[in-house]
Each structure stands twice: as C-alpha cells, then as structure tokens.
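For ligands, and for the atoms within them, numbers begin at 1 and follow the listed sequence.
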Amino acid sequence: MDSTQAELRIAKLRKEINEHNHRYYVLDQPIISDMVYDMMLKELIELESKFPLLISSNSPTKRVGGEVTKDFNSIEHRYPMLSLSNSYNEEEIKEWMDRVTKGLGQDAQVVCELKYDGVAIGIRYVNGELFQAVTRGDGTRGEEITANVRTIRSVPLSLHGNDFPKDFEIRGEIFLPKDHFAALNEAKVEAGEEPYMNPRNTASGSLKLQDSKEVSKRGLDTMLYGVYAESPIAEDHLSSIKKAHSWGFKTPYEQGRYIELCSNEEEIMDFIHHWAEARHELPFEIDGIVIKVNSFHYQEELGYTAKSPRWAIAYKFKAEQVSTVLEKVTYQVGRTGAITPVANLKPVLLAGTMVKRASLHNADQIEKLGLHLGDHVYVEKGGEIIPKVTGVIESMRNANAQAVIFIQNCPECNHPLERKDGEAQHYCVNSAVCPPQIKGAMEHFISRRAMDIEGIGPETIDQLFQVGLLHGIADLYSLKKEELLPLDRMAEKSVYNLLEGIEKSKKIPFQRVLFALGIRHVGETVAKKLAHHFKNIDALLVAEKEVLVNVDEIGEVIAQSVIQFASSPENLQLIDKLKAAGLTLELDSSEEKVLASHALIGKNFVVSGVFSKFSRDELKQTIESHGGKNVGSISKKTDYVIAGENMGPSKLAKAQELGISILNEDEFIALIEREDAILG
Ligand code: IVH
C-alpha cells in the first residue's frame, strides 16, 4: 500500500471507529462486536506505525493514551468558568424563582438537570476537531489536560454533522462511574493499599496523572451541559443541548429524566423529589439539581453577579445524615497491619440501610472530632461507601464522659503500634505473629488473582489456623492428608481437592507469586514489572533502592516497601521455604508471553454449539490465552457456558438449573474486555 492509499484507508478507519465508539460509549447502542471493533483499531494502529507522517493527535488510537505530560500548561479561559449559587431547601428555590420573575417582568420556563459530582472541564473544538481541554482552575485560568481528556471514550475527537461553530467550547463534568470506582478500590484493597475516598476525588486525581495511558484505564466518563461560542448556537438551553448531542457529545438529552423543561415550581419540585430518591440508582454520583432559565435571551437579560449567573441555581442534596449514640470504639487490623478505628453505634436507619458501624479513619480524625464515649454523633453517607462520623453534639455530652484515646498496642497481638512520619495510619508491624495479619496474608495468597488455590477459602484458612496447622503461608505446602481428615468438614474429597489445589499452585508464574506475597504497594501491575525486570526472587531481594527506582513505574514508596520486606529475616525464611516447596520463583518467559491477559484466570468454561465468529478450537484457545480453563462437562464448578447455535437442550437445561451464566460470543468478548480493564 502506498501512502496515498494508506491515507484514504486511515481516514475511513478513523471515521468508522469514531462512529462505533460514539454508538458504544455515548448512545449505548453498539452495532458491531467488540472483536470487529478491535480488528479495525488494530489495522489503524498498524497503518499509523507504518506511515508515521499520517499520525494525528485526534486519531482514535490516542484513546489508549501514551502521551506523558510532565507539567500541565496554565491556560486562560476565553469565557470565565463561574460557579453556581447554591440552595438547600425549597424556600430558597422559590425565592430564586421570584427574583427571576421580577427581573424579567414575567414568568420564564426553566430547565432542570442533574448536578454531576465530578470535575468541571472546558473542551475547545476547532473545525470540528478536539483542540484543547482545560480544567476549571481558579475560574480564570486552568490547567491544560488535553492528552488525558482524549482518552475518555465518550469525548468525541471529531464531531458529527456540519452545523457546529468553527471554534467553540463545550463545558461539562468528568466523573468516575460508581462501578469503575468500586473496581478500582477492590484492586487497591487487594494490593494492600488504602482505598480511594470517593469517586469525585478519584476522578480529579486521575485527570492529573502524568501518564495518559493510566488515565485511559480508569474508565472516566463525561456529561456535557453548556456550549460557549461567539454567537449562540440556539434560542434556548435545551435546544443547544440537543444540538450538542447531535454533534456526538454525551449530554443528558434522551437519557430518561436527566433533563426536563419545567414551567412552574410544582414541576421543579417533582424533578427534585424524584432524583432525591432515584439518584442512588444512577451509575454515577450527583450532588444536586441545577435549574437554569431556558431562553438565552432571558439569560442575557438576567446577567451575572461577580461569581455566578443569576439565571441558574443549584439545589444541593443534603448529605444523608442522622444522629445516634457512640457505644464504643473498636479497632480493626487489616492484612497489612493498618489499624482502622471503627465507631460502634446504636443502630440507626440511614439512606435505606441500618447502620451499626461507621469509619473513624485514624487517630487524627478522633482527635479532631474530640470524641467521647456515649457521645451523640452525626453519621453521614456521602459519596463514600462506608458511612462516617462527621460531628459530635457536644451539648448532649455527659459531664463525666471519657474521651476516646487511640490505642497504643495492637488489639490482636498487643505489639506496640507504629506510625511513620507523614502517615495518618497506625500500623502493627508484628506481621509474623499477629493473627489477622497472618490470616489476611494467607487469604490474599490463595485468592483468585494471586495463587488461585482451589479447594480452600477463608473459612478453611481460619479453621486450619485455629487448630494450629497453619501458622503462615509456607505451612500450606506441608499440610498432610492424615492431619486434615479428622477435622470438621474435611471429607476425603475436600481434602483431595485442597491438596490438589495447593500442588497445582506450584506452577503459578513468578509474577503472580510475587503479587501473592502481599508486599505492601506491590499490586498485580507492579509485581509484573518487578518480575520482568529482576527475573527471579533472589535478584529482587538484593536489589538496592537506586536499582529499584530505575525500574519503569517503580517509585520511592514501592522501592522502600520491597527493601523493608527483604530486610526481614522471617520473610527471607518464608522465601526459602517456598523455594524448597517448589514454587515458581523465577520468570518463565515462554508461559507469560502466550497469556494475552489474566482476565479469565480461575474461571472454568464449557463451550457448546456452533459459532459464527470463532471456530470451537479458536474459542477454546482464546479462553486459555486469557488464563481460563476449558472443562468438558457442566457442573457446579463451571463459571460460564459459551453457547453457540444448536447447543444441546439437555446441556442448556443443566446450565440453567445450576444458575450458570450463559454467554454468546459477543458477551464472551465483552467479559474479557471488562475483566481485563478491571485488572488493569
Ligand atoms: S452549569 C456558570 N450544569 O457545578 C456555571 N454546572 O458551581 C454553569 N455542575 O463546578 C454551570 N453539573 O462543573 C452546570 N448540570 C450542570 C452541572 C454543573 C455539575 C458543576 C460545575 C461547577 C459547579 C457549579
């Protein structure tokens, strides 16, 4: 292919990929399978690498990121980014409506929409192409984060149609949907790290990452709510949103009751009351409702105060809050030894659930609240998943109430707690002896993403720990049939499965063993990087800080954590025992290379019927190349059945009876993508 042909082909592919992207991420109406989409993208990537002169910053290949921004440029906003005045009750809305009516000399229609709880963004398009994305900053100047915003799939790179202004800005909110937030936190907890506080902070932190490839993996999304151009693009706000929607932007238009035209106070209140409840069902967080005068002409007439438009107001939902009594404070010891104080409360109903416990975060928080036992405290459920104690009603305190004093020794093993400079959390560092840390370490070790040991779960770990058969990870490899059989719930078959599972784990590749060791800050990705760099455990354990920080993506904190791990005689003993047991402690490069991803690790598949996109063999190979296992017949252990045409009715009935997920080819591909994205 010569460069003229390549240019044509690249233009066609970009157009089609953009179109399918829009269908998938904006309209939620895909018409091609993920596999076909991936093939088109692959072809485009290949063509762009063969013809580098044809690379464009707005090519859909840029969605996966790659550009690294060391310092974000400071950019002056062409139109200042104002904020909204807030209201917290119906009376204030009514007063605002009266002010609007008075200002205009007549009533006006308003538009009610959701107040997305994310990060404000202004995105400029020139000649229909994404040109620049800038954060709100101080409202006058913001930071340019174009490369990061380009990775957000619902932000169009090139616009549809031809009725958009030559140069305009669209504003809206970038947020992290609830399911992506939960998946990110699950991975963090599994890596022994502190979970993120809430989706908004995580979205904001994600947008400031220097490596756009990392941003691309976060799953950020947008909702756009305002077009800024030399001259108005429509008569009113709602029509402008419809227009923006037609150009390919993700807007509230045609998304159920996300946006509504209201003619009176009753309709506004109905919208507010609806979302005060229904917001819990939304895939993203909102913190209120925004009410805007619809007509642009009227907006102009009403004008602005110094900080906000007079033509709009936000109604903020109150964080759901109740008061109850603090009965006692207990302390949880995590797998990594982190101590979390927990408020044990007189049970109280909050946002639809009965709350008995709430987080107190750390010692500083207890001090800040000035907490006393028996205090009446406020408990809130905000963006966070776990309720938290936000305040104390001091006037209701008993005169002789005792102040809560943070413990000095571990509640489980009595070892003195430590707190490093600059860290908020206290830690019990007695990891080799402290029961929840030992059990937590073992639970992590056997888990699906780590050693994936079948036939053993947290209850078995607890049982074997209680009877003294397990004191640490290494003991798993010296368990004997005769010791296990006399125990409760240990029939011949269970013991066989348990020992078989342990035996099989010896084949688990080095990088996963490394992850399974539970070294603080060494999650799956870091473990992979370290394994590939050092090739075996011995080289890693003797590595000095300067060497560690030179490895791609390894910073001071991780390096320090590895060094700390390697400096403990107990840990070195553990490694010796694991070596002696025959675990894989060096890189088997051939095995890792064939694995396309770890998306299906630990999952059993039954393939049945005839398929249109794959041959049965291809399908089975795909399962294995992503770490899954093909099994011959359907049983309780089967996780998924991939069903093609003419799948036998008895198989289908059995799968249904056992409640096993039945997937078609497209759903199977989507499963790989989803799991892979979660694993990062
Ligand atoms: S309109 C002149 N509409 O709320 C300001 N803002 O203080 C026009 N926000 O950070 C803003 N959802 O990013 C508007 N539907 C919505 C919104 C919205 C969230 C944010 C906005 C800003 C804050 C306003």
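Residues meeting the ring pair (Phe, Tyr, Trp, His ring centres under 6.0 Å) test with His77, sequence neighbours left out: none. Legend: residues meeting side-chain hydrogen bond (donor to acceptor under 3.5 Å, both in side chains) with Glu90, ordered by chain and number and at least two apart, are His273.
For the residue pair Asn58 / Arg150, a side-chain donor-acceptor distance below 3.5 Å is found, with atom types taken as modelled.
Residue pairs that meet the ring pair (Phe, Tyr, Trp, His ring centres under 6.0 Å) test with at least one member in residues 96-137, sequence neighbours left out, are Tyr116-Phe284, Tyr125-Phe168, Tyr125-Phe249.
For ligand 1, the 4.0 Å heavy-atom shell contains residues Leu82, Ser83, Leu84, Glu113, Leu114, Lys115, Tyr116, Ala120, Glu173, Tyr225, Val290, Lys292, Pro309.
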Evaluate salt bridge (charged side-chain N to carboxylate O under 4.0 Å, His left out) for Glu143 paired with Lys208, printing each intermediate quantity in order.
CA-CA 9 Å; Glu143 285 177 316; Lys208 301 283 173 59; 3.5 Å; yes

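With Ser206 contributing its side chain and Thr202 its backbone, the two residues share a donor-acceptor pair below 3.5 Å.
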